[in-house]
Asker: 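For reference, the structure I am asking about is given below.
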Amino acid sequence: MKNDNFNYAHNDTSSGERKTPTAIFNIPSVSDKVRALRAGAFSRRIPVADDETLNFLITLLSAVRPKNILELGTAVGVSGAVMLGVCPEARLTTIERDENFYAEALANFSALKMDERVTAVCGDAGEVLETLGGEFDFIFLDCAKAQYIKYLPRLKKLLKKGGVLLADDVLLYGWITGEEEVPKKRKMLARHVKEFVDAVTNDKELTTTILNTGDGLSLSVKL
């Protein structure tokens, strides 16, 4: 049964997400344990990356091989576990504001014997970002979509030169491209996401491509 206490970022959107023609080919290869975690999350309508998005993330990380990863939106730790699995020398800092998700993610990282490589923080991403120091060579942005544009300036400062910022769900069911009409109650959300897309594609400190993968990915490299 769907839990309606979560906001957009914590609602399962799999039934309404865009399905691209290439989705049938882009099936991620993950361990049996991670596959079970994903299945459990989907069965409870907890948001985790769809197959095509996760497959792209795995492929990208296999090429980039980051050592210091920042994730906004831990949920129950599936994408974090995948990233650490692909990059066995990496450390992950991950932020989640929902206490129940946070606790479950900690348990999952421990069960997967990845907890020593994880710094998990429970709190508002905007507030937590201001406390972080150092630089990250890979950032995965997959939290409250309306806040992407707000977080961008700080994320740029935390991203090292040559680092990658990957943002999920930037096409929002096709609302951003005009494929689908934006519902009245989602117009504010769509406007903020469009502001983010415009910002990263026009930022002179970034080179960005918007990918028609899953529900839309924004891939930016800091120049």
Side-chain angles (χ1 to χ4, degrees), residues 3 5-11 13 37 41 46-49 53-54 57 60-61 64 66-87 90-110 112 114-170 188-189 192-193 195-197 199-200 203 205-206 217-222:
N3 187 336
N5 292 325
F6 300 132
N7 65 12
Y8 172 82
H10 286 162
N11 279 335
T13 56
L37 285 181
I46 294 173
V48 292
T53 298
L54 193 62
L57 181 62
L60 178 62
L61 288 170
V64 175
K67 298 293 182 64
N68 200 13
I69 301 171
L70 172 62
E71 177 184 44
L72 281 71
T74 315
V76 294
V78 174
S79 54
V82 168
M83 290 190 285
L84 289 173
V86 176
C87 305
R91 290 196 56 84
L92 171 69
T93 299
T94 184
I95 306 169
E96 175 56 53
R97 71 180 182 183
D98 183 271
E99 293 181 0
N100 293 325
F101 284 176
Y102 169 76
E104 188 169 340
L106 288 181
N108 288 335
F109 288 131
S110 179
L112 293 167
M114 294 177 169
D115 49 309
E116 292 186 357
R117 293 196 285 144
V118 178
T119 299
V121 184
C122 186
D124 177 81
E127 296 175 0
V128 175
L129 286 175
E130 295 302 322
T131 70
L132 297 180
E135 290 184 317
F136 296 89
D137 41 11
F138 191 91
I139 299 176
F140 184 40
L141 180 57
D142 191 20
C143 57
K145 316 310 170 189
Q147 302 302 315
Y148 282 14
I149 185 63
K150 175 183 176 183
Y151 299 155
L152 181 59
R154 181 61 180 159
L155 293 177
K156 285 175 56 183
K157 290 182 180 180
L158 290 169
L159 189 63
K160 78 172 189 179
K161 186 175 181 180
V164 174
L165 168 62
L166 184 69
D168 196 11
D169 301 315
V170 298
M188 182 74 73
L189 169 63
H192 286 317
V193 174
E195 288 172 353
F196 173 82
V197 171
V200 293
D203 194 313
E205 296 180 309
L206 303 171
L217 290 169
S218 167
L219 173 60
S220 302
V221 177
K222 186 173 179 180

Asker: Under 3.5 Å, side-chain donor or acceptor atoms of residues 70-78 against the rest of the protein: list the pairs with distances, not counting sequence neighbours.
Answerer:
residue: Glu71; atom: OE1; partner: Thr94; partner atom: OG1; Å: 2.7
residue: Glu71; atom: OE2; partner: Ser79; partner atom: OG; Å: 2.4
residue: Thr74; atom: OG1; partner: Thr94; partner atom: OG1; Å: 2.6
residue: Thr74; atom: OG1; partner: Ile95; partner atom: N; Å: 3.4
residue: Thr74; atom: OG1; partner: Ile95; partner atom: O; Å: 3.2

Asker: Between Lys145 (side chain only) and Cys143 (backbone N and O only), is there a donor and an acceptor less than 3.5 Å apart?
Answerer: yes

Asker: Give me each pair satisfying salt bridge (Lys or Arg N to Asp or Glu O under 4.0 Å) with a member in residues 118-128, each pair once, sequence neighbours excluded.
Answerer: none

Asker: List the atom of Tyr148, the atom of Val170, and the distance in Å for their closest heavy-atom pair.
Answerer: CE2-CG1, 4.2 Å

Asker: Supply the atom-to-atom distance Glu99 CD to Cys122 SG, rounded to the nearest 0.5 angstrom.
Answerer: 5.0 Å

Asker: Taking all non-hydrogen atoms of both residues into account, name the closest pair between Ala81 and Met114 and its distance.
Answerer: O-CE, 3.4 Å

Asker: Would you find a donor on one side and an acceptor on the other, under 3.5 Å apart, between the side chain of Asp137 and the backbone of Lys67?
Answerer: yes

Asker: Taking all non-hydrogen atoms of both residues, which atom of Leu158 and which atom of Gly134 are closest, and how far apart?
Answerer: CD2-O, 3.8 Å

Asker: With sequence neighbours excluded, tell me which residues meet side-chain contact (heavy atoms from CB on, under 4.5 Å) with Ala49.
Answerer: Thr53, Leu54

Asker: Work out which heavy atom in Arg117 is nearest to a heavy atom in Leu84; give both atom names and the distance.
Answerer: NH2-O, 3.2 Å

Asker: Going by ring pair (Phe, Tyr, Trp, His ring centres under 6.0 Å), name the residues that satisfy it together with Tyr151, two or more places apart in sequence or in a different chain.
Answerer: none

Asker: Between Ile139 and Val164, is any pair of side-chain heavy atoms under 4.5 Å apart?
Answerer: no

Asker: Set out, in order, the CA-CA distance, both residues' side-chain angles and the distance that settles side-chain contact (heavy atoms from CB on, under 4.5 Å) for Leu92 and Phe109, then state yes or no.
Answerer: CA-CA 11 Å; Leu92 171 69; Phe109 288 131; 4.1 Å; yes

Asker: In Å, rounded to the nearest 0.5 Å, how long is the span from CG of Asn68 to NZ of Lys160?
Answerer: 8.5 Å

Asker: Checking side-chain contact (heavy atoms from CB on, under 4.5 Å) for the pair Asn108/Leu37: CA distance, chi angles, key distance, verdict?
Answerer: CA-CA 8 Å; Asn108 288 335; Leu37 285 181; 3.5 Å; yes

Asker: List the atom of Ile69, the atom of Phe136, and the distance in Å for their closest heavy-atom pair.
Answerer: C-CD2, 3.7 Å

Asker: side-chain contact (heavy atoms from CB on, under 4.5 Å), that's the test. Do Phe196 and Leu141 meet it? Break it down for me.
Answerer: CA-CA 12 Å; Phe196 173 82; Leu141 180 57; 4.1 Å; yes

Asker: For the residue pair Val48 and Ala41, what are the closest heavy atoms and their distance?
Answerer: CG1-CB, 3.7 Å

Asker: Hey, could you give me each pair passing salt bridge (Lys or Arg N to Asp or Glu O under 4.0 Å) that has a residue in residues 148-157? Not counting sequence neighbours.
Answerer: Lys156-Asp203, Lys156-Glu205

Asker: To the nearest 0.5 Å, tell me how far Asp168 CG sits from Leu166 CG.
Answerer: 7.0 Å

Asker: Is it the case that the side chain of Lys222 and the backbone of Leu206 share a donor-acceptor pair, with hydrogens and angles ignored and the cut-off at 3.5 Å?
Answerer: no

Asker: Let me confirm one number: the OG-CG distance from Ser218 to Leu165, rounded to the nearest 0.5 Å.
Answerer: 6.0 Å

Asker: Decide side-chain contact (heavy atoms from CB on, under 4.5 Å) for Tyr102 and Val121; before the verdict, give the C-alpha distance in whole Å, the side-chain angles of both, and the deciding distance to 0.1 Å.
Answerer: CA-CA 8 Å; Tyr102 169 76; Val121 184; 5.6 Å; no

Asker: Please name all residues satisfying side-chain contact (heavy atoms from CB on, under 4.5 Å) with Ala199, sequence neighbours left out, ordered by chain then number.
Answerer: Ile149, Leu152

